[in-house]
Amino acid sequence: LFQQGKLYRQKAISTPANSAPRQSIKGRCQNYIQQKTIDMAKDMLVRHDKSISEIAYSLGYQYPQYFSRAFKRTVGCSPKDYRSQSLLAH
């Protein structure tokens with residue numbers, strides 16, 4: 001029993017250290033995917049006449065509101081404002 005307890009303690013101590021790099025990689029992958037998705041959204045907002053909801057659905061978002069929040073958090077403005085600003089610039 002002592003050996004088992006020692007083994008469990010060692011695993012318990014090493015688990016958080018071992019899981020941190022995985023969480024970090026997972027977070028980086030999620031950020032990369034979200035950034036690429038937002039880049040695609042920017043392109044679609046400028047090049048297409050689709051509604052913002054249609055763009056959100058086509059990019060795999062289940063709810064357009066979540067897409068708008070993610071877009072605003074990443075870009076700094078709403079998809080609607082981004083489209084308006086881009087059209088004024090061209």
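- Environment of CZ in Arg73: crowded, with over 12 heavy atoms of neighbouring residues, nucleotides or ligands closer than 6.0 Å.
- The side-chain heavy atoms of Ile52 and Ser68, taken from C-beta on, include a pair separated by under 4.5 Å.
- Distance CE/Met44 to CG/Asp39: 13.0 Å, rounded to 0.5 Å.
- Separation of atoms CZ (Phe67) and OG (Ser78) is listed at 10.0 Å; rounding is to 0.5 Å.
- Contact of the Glu54 side chain with the Asp49 side chain is not registered, since no non-hydrogen atoms from C-beta on lie closer than 4.5 Å.
- Side-chain contact between Leu88 and Gln85 is absent, with no heavy-atom pair separated by less than 4.5 Å.
- Once rounded to the nearest 0.5 Å, the distance linking NZ of Lys72 with OG1 of Thr74 reads 12.5 Å.
- By the 30° and 60° cut-offs, the orientation of the rings of Tyr82 relative to Phe71 is perpendicular.
- Distance check, rounded to the nearest 0.5 Å: NZ of Lys80 to CG of Leu45 gives 12.5 Å.
- Note: the hydrophobic cluster containing Tyr57 does not contain Ile33 (ILVMFWY, side chain heavy atoms under 4.5 Å, direct or indirect links).
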* To do: Would you sort out whether Tyr61 and Ile55 count as a side-chain contact (heavy atoms from CB on, under 4.5 Å), showing the intermediate values?
  => CA-CA 9 Å; Tyr61 285 89; Ile55 291 172; over 6 Å; no
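- Here the CG atom belonging to Asp43 is positioned 13.0 Å from the CD1 atom belonging to Ile38, to the nearest 0.5 angstrom.
- Judged purely by atom type and a 3.5 angstrom limit, Gln30 has no side-chain atom pairing as donor or acceptor with the backbone of Gly27.
- Atom CE of Met40 is separated from atom CD of Gln35 by 12.5 Å, given to the nearest 0.5 angstrom.
- The two residues Lys42 and Val75 make their nearest non-hydrogen contact at CE-CG2, 3.7 Å.
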